[in-house]
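Numbers restart at 1 for each chain; the letters A, B, ... are given by sequence-line order, proteins then strands.
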There are 2 protein chains.
Amino acid sequence: MATEKLDTATRREQIAEAALALISEKGMQGLAIASLARRVGLVNSALYRHFNGKDEVLDAMLDLIGDRLMANVKAVRRESARPLDQLRQLLMRHIRLIRENQALPRIVFSEEIYSGKPERRTKLFNIISRYLTNVSDIFSEGQKNGTIRSDTDPLVLAVMFLGLIQPAAILWHLSNNKFDVTKHAEKAWGIFADGLSR
Amino acid sequence: MATEKLDTATRREQIAEAALALISEKGMQGLAIASLARRVGLVNSALYRHFNGKDEVLDAMLDLIGDRLMANVKAVRRESARPLDQLRQLLMRHIRLIRENQALPRIVFSEEIYSGKPERRTKLFNIISRYLTNVSDIFSEGQKNGTIRSDTDPLVLAVMFLGLIQPAAILWHLSNNKFDVTKHAEKAWGIFADGLSR
DNA sequence: TCTCCAAGTGAATATACGTTCACATGATAT
DNA sequence: ATATCATGTGAACGTATATTCACTTGGAGA
């Protein structure tokens with residue numbers, strides 16, 4: 001009725017973002033074409049004007065997530081010059097990203113994403129690998145720098161870095177947001193960084 | 001036809017274990033009542049003789065997982081007296097458990113588990129909490145013992161401990177089992193333990 | 001050996017969801 | 001002002017899957 005017509009480029013963005021929001025609120029189960037369409041003010045069928053199917057929506061979502069992860073990396077590289085500070089900042093940004101957007105862990109952990117279309121698993125792997133590579137670059141710089149011990153593989157450190165947040169994020173989620181991720185991350189980072197610099 | 005009749009106690013076990021196996025092979029999607037029943041040699045409807053519905057099956061599965069986690073803890077406490085050794089053993093056992101039983105991470109990370117029935121989220125939280133408490137007990141002993149630095153919260157350490165494996169497990173899974181979890185865990189443990197003892 | 005109830009069967013039902021299609025409409029370019 | 005095409009609509013279809021129910025059957029105990 002009163003639904004204004006918007007071009008596909010705009011709609012695709014709206015829809016991908018609505019998908020993230022929906023998942024954040026209702027979980028993967030909540031991501032139904034009908035709900036998704038309604039959320040951007042359309043009916044089911046209209047969604048197919050902009051995406052060939054649900055698969056394409058999922059792909060678009062993954063791209064969005066990749067963008068946000070990389071945006072965080074770029075931001076912290078701008079904000080500070082010292083690797084250890086950059087990492088700490090990144091940790092906090094990552095937590096904020098997850099808190100504001102619960103869709104992120106839910107998508108990464110869910111197989112609905114790639115159970116139908118195995119290539120999407122590779123896509124997700126690439127997104128995470130790219131993030132890890134960037135994180136490990138920061139570690140490398142710290143090692144050249146002398147602020148981080150050089151006897152350890154930076155890629156291992158990068159994966160450990162993710163490990164500072166991940167289980168905490170799950171506990172936060174399972175505990176109905178009672179578990180304090182930020183506090184945990186601060187303490188864990190303290191211990192980790194302590195070990196790094198010696 | 002040639003399906004022998006077994007008592008409910010037996011069937012419940014068979015079914016819960018079949019559920020874990022199914023998820024390990026096909027993912028959460030693969031856990032359909034029909035497939036599950038067929039796997040233990042029954043038809044759909046027969047399953048309802050032993051469970052009131054899918055929900056009950058999920059509950060039974062969670063209990064099974066809890067048991068296996070706790071079994072690992074008990075085993076390592078038997079095998080060694082020194083906390084650091086126990087932890088290392090537990091790490092390796094945990095990895096083995098996950099490798100042999102991909103269902104574990106898939107279930108923990110999936111919300112299908114509790115999206116329908118929120119109390120199940122609490123149940124899962126309790127299972128993990130229980131495991132964490134046991135792990136943190138080991139850390140505590142190490143601290144009393146003098147082999148682990150005392151200026152850190154053992155519960156934080158326990159969560160970090162999980163973080164040594166978790167992201168690696170995901171990478172392993174996303175990379176079609178190419179990423180070497182065991183190798184990562186060994187390196188990561190080296191770094192972590194190094195930080196612990198100083 | 002007979003009886004009876006727990007355990008197993010097959011068909012039917014209900015629901016939820018992705019997708020398609022013939023038709024309507026509004027913005028834009030001429 | 002009008003034509004055109006991208007965008008939006010409503011209804012219908014197909015499929016997958018959990019659940020129910022009237023029934024059969026096998027085996028343990030009287």
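Salt-bridge check for A:Glu141 with A:Arg82: failed, with every basic side-chain N at 4.0 Å or more from each acidic carboxylate O. Taking a cutoff of 4.0 Å between a charged side-chain nitrogen and a carboxylate oxygen, A:Asp67 and A:Lys74 do not qualify as a salt bridge. B:Arg93 has a carboxylate O that lies under 4.0 Å from a charged side-chain N of B:Glu79, or vice versa, which qualifies the two as a salt bridge.
A heavy-atom distance below 4.5 Å is found between the side chains of A:Leu20 and A:Arg68. Taking the side chain as every heavy atom from C-beta outward, A:Gln166 and A:Phe109 approach each other to under 4.5 Å. Counting heavy atoms from C-beta outward, B:Phe139 and B:Leu87 have side chains that approach closer than 4.5 Å.
If you check the side chains of B:Asn52 and B:Glu56, you find a donor sitting under 3.5 Å from an acceptor.
Taking a 4.0 Å limit (strictly below) on heavy-atom distances, residues 5-26 of chain B reaches DNA chain C at B:Lys5, B:Leu6, B:Asp7, B:Thr8, B:Arg11.
By the ring-ring contact (aromatic ring centres under 6.0 Å, His included) test, A:His94 is found to be paired with A:Tyr131, residues two or more places apart in sequence or in another chain being considered.
Spacing between atom CZ of A:Arg38 and atom C1' of D:dT9 amounts to 15 Å, rounded to whole angstrom units. As a whole-Å value, the separation of B:Glu112 CD from C:dA16 P is 17 Å. As rounded to whole Å, 16 Å separates atom C1' of D:dG10 from atom CG of A:Leu47. Distance B:Glu4 CD to D:dA28 P: 11 Å, rounded to the nearest Å. Remark: P of D:dT25 and CG of B:Leu42 are 17 Å apart, rounded to the nearest angstrom.
Closest-nucleotide positions on DNA chain C for A:Gln29 and B:Gly41 were compared, and the one nearer the 5' end corresponds to B:Gly41.
For C:dA6, the OP1/OP2 oxygens have no side-chain nitrogen or oxygen of B:His50 closer than 4.0 Å. In this model, the phosphate group of D:dT7 is not approached by any side-chain N or O of A:Thr3 to a distance below 4.0 Å at OP1 or OP2.
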Kindly indicate, with the supporting measurements, whether the criterion side chain to side chain donor-acceptor pair (under 3.5 Å) is fulfilled by A:Asp7 and A:Thr10.
CA-CA 6 Å; A:Asp7 60 302; A:Thr10 311; 2.8 Å; yes
What does the list of N/O pairs under 3.5 Å between the protein and nucleotides 18-22 of chain D look like, with a distance for each?
residue	atom	partner	partner atom	Å
D:dA18	OP1	B:Lys54	NZ	2.8
D:dA18	OP2	B:Ile33	N	2.7
D:dT19	OP2	B:Tyr48	OH	2.9
D:dT19	OP2	B:Lys54	N	3.0
D:dT19	O5'	B:Tyr48	OH	3.3

